[in-house]
Amino acid sequence: MDAPTAASVLAARNLTRKVSSPEGTLTILDDIDLDIGRGESVAVIGPSGAGKSTLLALLAGLDSPSEGEVWLDGQALTGLDEDGRAALRAGRVGFVFQSFHLVPSLTALENVMLPLELAGQSEARAAAESVLDRVGLTPRRRHYPRQLSGGERQRVAIARAFVGQPLVLFADEPTGNLDAETGSRVADLLFSLNDESGTTLVLVTHEERLADRCDRALRLRSGRLV
Amino acid sequence: MTAAGFALRNVIRNLRAGDLWVLTAAVAVAVAAMTAVGFFTDRVSRAVDIRSAEVLAADLVVNSKRLITPDYQDRARELGLDTASATSFPSVVLAGDSSALADVEAVSAGYPLRGELKTSVSLDDVAGVTTALPAPGEAWADAKLLARLDADVGAEIALGSIRLRVTGVLRYRPDQGWSFVDLAPTLLINEADVPATGLVLPGSRVSYRQLFAGAPDDIVTLRDFVESRLEPGESLRDLGDAGPEIRTALERAHRFLRLAALVGSLLAAVAIAMAARRHASRQVETVALMKCFGARQGFVLRVMMAELAILAACAGLIGVLLGYLSQLGLSALLAELAGADLPTPGWGPVAGGFLMAGLVMAGFALPLLAPLKRVPPLRVLRHDLPGPRPSALFAYGGAGAAIFALLLWQVGDLRLTAWVATGFLVAAGGLMVIGGALVWLATRIRGTAGAPWRYAVASLARRGGESVVQVVAFGLGIMVLLLLTVVRNDLMDEWRATLPERAPNRFLINIQPHEAEAVESFLGERGAETRLVPLVRARLSAIKDRPVAEIDFPTLRGKRLADREGNLSWSSTLQDDNEIVAGRWWDDDPLPGEVSVEADFARDAGIGLGDRLDFNVAGETFSAEVTSLRTVQWDSFKPNFFMLFSPGTLEVYPRTHIGSLFVDDSRDQTVLELVRRFPSVTVIDIEAVIGQVRRVMDQAAIAVQYVFLFAIAAGIVVLLAVVESGRDERLFESALLRAMGAKRRQILASTAIEFGLLGALSGLLAAGGALAAGWLLADRVFRLEFNGSPWLWATGTLAGLIVVGVSGLLATRRVLDQPPMAVLRRF
Ligand SMILES: Nc1ncnc2c1ncn2[C@@H]1O[C@H](COP(=O)(O)OP(=O)(O)O)[C@@H](O)[C@H]1O
Ligand SMILES: [Mg+2]
């Protein structure tokens, strides 16, 4: 496959991840190539244990591959150290996790402000309040995560992901911990915000229904794209 | 945003959310305990100093053979110090046909500045404290002087060209001093009468004393002022020159206080370490998240450090305030105890409190938090990834260095600090090893008992590493508390036992060699056994062939002690209140020409093992080689010597014998008979000095009790911190168990068993540690006997079982009072 084009926000070539285990080396991702264009929404779908989260981590620069190369916003991640990758992520990347990952000692509003504060933005509060309003949680903005339901927590997480107007949003099973009804409402919110902002979305899921709502789907099985 | 700004917000948010309080509280209590102890010991030891200043009747005395320049007094007035003066000279006093030699003490108003005079209205009357002085034209005479003059109160005496009326019997003056040199009895008169006596003329044997007393800082200022202007023939005396008996007692008292303070701060340190561990483990997820959002390692580290700095400042402030308040409460009682105005607390402990807060944070929290910068961001996806382990060297090195710096700064006593710190580290290591082994053992015995037991033991075993940490923390906490109990009871008792009820309270001096045996048997027959020891007065003339006059002595005390006529003695056996610390004693084969030197004196005078010392006795010289150094328990009140010679060295020189004995009221008769039978023998009453040492002991005992209270407070924080450290997990587990249908009682039983086991285990280990530490302290630091009570094993185990078990239960109860759902939802 050729080198990535300038049009792709996210690209991977020959991406491989191996881990050593007592039973020998385990290949959990095997020779993945992909290109994701600006504003595209892409689902990574596969059964549990297929390597979806591993792929997401590599694409977001949270982990480094055993082999292969990743480009984020045109810059190669390989060769960057952890700080370099963090700097690349700052202001460019948002996350939504299966288990929410809100900071328990921060209120809903403060959780949303966190990425902006870390990026040194001065208008953090106003921006956070407006996004929180957009996800319908203004009345709960002073509540701590433990005082919120799962659906509400994920809505806070979505607000937090979008508040920095990231280039790419990574979502790892965002509805995995929610009941079907809440899950679909959270998904609606995610997609509509994504449409409004034109963010590139990488959505990891094992649910076909969710994958269907993306522009395209990459199927992962035992560490390979099929 | 800057790291500091982010950190500040984070701290405020964390506090508001109810986190970080344990860590803040631990640091605040540590600082409070330490500053209170600092304020307190500072004030007590100053009070004790004031008490012991009685020996000088002042805090500072200038002595001179000539009139003392008024400059010193002017400066003292400027500083707001109290002053008084005294002139003393020997003179013959006449009463009717009798005459006797007296030491005339002419004093000014205000004398004595420290301590009190005791007088009686007649020879048969009991002594009472007085604040008055003889008016001009009056005199107070020593009972012995009146006896020699065959006079009583009311008599008229002649002193030089004036006549004085005796209006009282002088029973005691604080600076009467006592030495093995016989002094003439005192006649106390008013300074105003001195010129008229016509006895003080150029060339007469007069000595002048200028006395000063007041705030310690001002005294130091004055001492520096005087020292720089001291003229030949003038000398300075301050507390450091108090008799070795008082010095030893004071030093021990200070050590006891410092030890209690030390141990309290160590406890607090354990609490902080535990709280910091919990804080660090709770921060892992947040740091991973921050890194996901693009935070760099350097930023994370700066945030961690800034957070700690902010916390240290807040906790330091709270702690200092608390510390100040708690010592205020004690000062009322202390003022009474000290019998003098307590000096106001200085700013030292305040600065110290903040410094301490910073130091403990840097030492205990930073090594745990700094490695968090290495948390892999991947942890947001894979929770099983191990959190970063603090590098052992960094963590333990940092904590160790912080402890040591802290203690050394707190205590300023390298020997005590080194022993305590070493003991603490060894104990922590031992606890870790044994705790690990016992927890391992616990995993083997699971399943052999009922359900709550099984669950409790399984729970201990499953949290292996965490359990070991808890055993170590609980163990150190209990050990420190037991150690304090040991110190407070056994060691303090042992110290008091060195000064038994029947400690010698009379010295017999001036016993002629030919009378020595007769005196011994005279006293023996009357049931007052005493061992007389020989005494030769001599002057040290050279050390290693260098004349004493040319030597630059390491300390002023060394110079003073070396450059004067000293008391020498010899012995073939070593008294049991002496201990050889270097070289060896001439047990079996004493050679003439060996000398054993008291260790502190040797240090102060720069004398070492193997040095040749030259002495001058009545115009003749002889030399001896230093073959051993000795420590002396001066407060045993037996005759003791800086320099002790091997038999065969001193016998040829003129000597007298001295001895000590205990005299109670019933045996007063014996002393009278002794003096009548051997008129040349002088009996010196040292009851007053003994009383002073006893008072120092009593004060130290009370002070240590109070410091003990602070240590208990620190101990409670340790308990809280340890229980708190495992709480999150415990909350979750017991909620889970209840969700699965466990009954309240079952969970309580299981928790009680788990904590009880943990506590009993820690308590048992702690008892061993406390006994070992107590023995070490007694032997190495306090030089006292130590007979640790075997009950400590039982006390320790039981205390651990109950205290830890109950605190665990209390913590769990809170969980059980909430519906399990509420607890589960927190995660
Ligand atoms: N560091 C690792 N060590 C061992 N096994 C791993 C590691 N990371 C991932 N795996 C394994 O790789 C497989 C893929 O994991 P993951 O990417 O989390 O799958 P998915 O998100 O699709 O459920 C799983 O079997 C997982 O256990
Ligand atoms: Mg996954």
Side-chain angles (χ1 to χ4, degrees), chain A residues 52-54 56-58 60-64 81-95 97-107 109-111 113-122 124 142 144-150 153 157 160-161 163-164 166 170 172-173 204, chain B residues 1-21 279 282-303 307 373-385 388 728 731-732 818 821-827:
Chain A
K52 306 183 294 292
S53 296
T54 308
L56 182 128
L58 289 176
L62 300 181
D63 194 9
S64 17
D81 62 1
E82 203 194 287
D83 270 353
R85 283 178 279 154
L88 192 57
R89 271 198 304 275
R92 284 195 184 85
V93 173
F95 288 96
F97 304 103
Q98 177 173 8
S99 47
F100 322 132
H101 277 313
L102 300 181
V103 179
S105 59
L106 299 184
T107 61
L109 181 63
E110 287 161 358
N111 263 289
M113 286 162 69
L114 187 63
L116 296 182
E117 288 182 340
L118 284 171
Q121 237 146 297
S122 52
R142 286 186 199 291
Y144 287 100
R146 63 170 182 274
Q147 295 165 307
L148 302 174
S149 71
R153 288 183 206 181
R160 185 177 65 183
V163 75
F170 292 100
D172 187 12
E173 312 252 17
V204 162
Chain B
M1 173 171 297
T2 64
F6 184 77
L8 180 62
R9 281 191 196 197
N10 220 22
V11 166
I12 294 172
R13 287 169 180 169
N14 271 301
L15 285 173
R16 204 190 47 212
D19 276 355
L20 279 185
W21 283 111
H279 179 57
R282 286 169 74 108
Q283 289 293 91
V284 171
E285 303 292 315
T286 309
V287 169
L289 204 59
M290 280 168 67
K291 287 187 144 186
C292 267
F293 295 151
R296 296 171 189 225
Q297 294 202 0
F299 182 82
V300 172
L301 185 64
R302 283 199 304 280
V303 168
E307 280 190 23
K373 70 171 189 188
R374 293 199 309 269
V375 170
L378 190 57
R379 236 190 105 103
V380 292
L381 293 171
R382 302 196 51 90
H383 302 274
D384 56 321
L385 278 184
D728 294 341
L731 276 168
F732 184 73
Q818 296 176 23
M821 181 55 199
V823 179
L824 285 180
R825 289 229 357 221
R826 292 179 60 161
F827 293 86

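So that the names make sense, note that chain A is the first sequence line, chain B the second, and so on, each numbered from 1.
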Trainee: With a 4.5 angstrom heavy-atom cut-off, is it the side chain or the backbone of B:L289 that approaches chain A, or both, or neither?
Mentor: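 The side chain, not the backbone.
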
Trainee: Which atoms of B:Q297 are under 4.5 Å from chain A, going by heavy atoms: the side chain, the backbone, both sets, or neither?
Mentor: both

Trainee: What is the distance from atom CG of B:N14 to atom CZ of B:R9, rounded to the nearest 0.5 Å?
Mentor: 14.0 Å

Trainee: Tell me, for A:S99 versus chain B, whether the close heavy atoms (under 4.5 Å) come from the side chain, the backbone, both or neither.
Mentor: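 Side chain only.
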
Trainee: So A:P115 and A:Q121, do their side chains get closer than 4.5 Å, heavy atoms only?
Mentor: no

Trainee: Could you measure the distance from the CG atom of A:L109 to the CZ atom of A:R160? Nearest 0.5 Å is fine.
Mentor: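 Separation between the atoms: 13.0 Å.
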
Trainee: Check whether NZ of the Lys or CZ of the Arg B:R302 lies under 6.0 Å from the centre of the six-membered ring of B:F299 and within 45 degrees of that ring's axis.
Mentor: no

Trainee: What residue in A:F97, A:F170, A:F100 has the most heavy-atom pairs under 4.5 Å with chain B?
Mentor: A:F97

Trainee: Is a salt bridge present between B:K291 and A:E82, judged by a nitrogen-to-oxygen distance below 4.0 Å?
Mentor: yes

Trainee: Among B:P377, B:C292, B:A295, B:G298, which residue forms the greatest number of heavy-atom pairs with chain A at distances under 4.5 Å?
Mentor: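 Sorted descending by pairs with chain A, the first entry is B:C292.
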
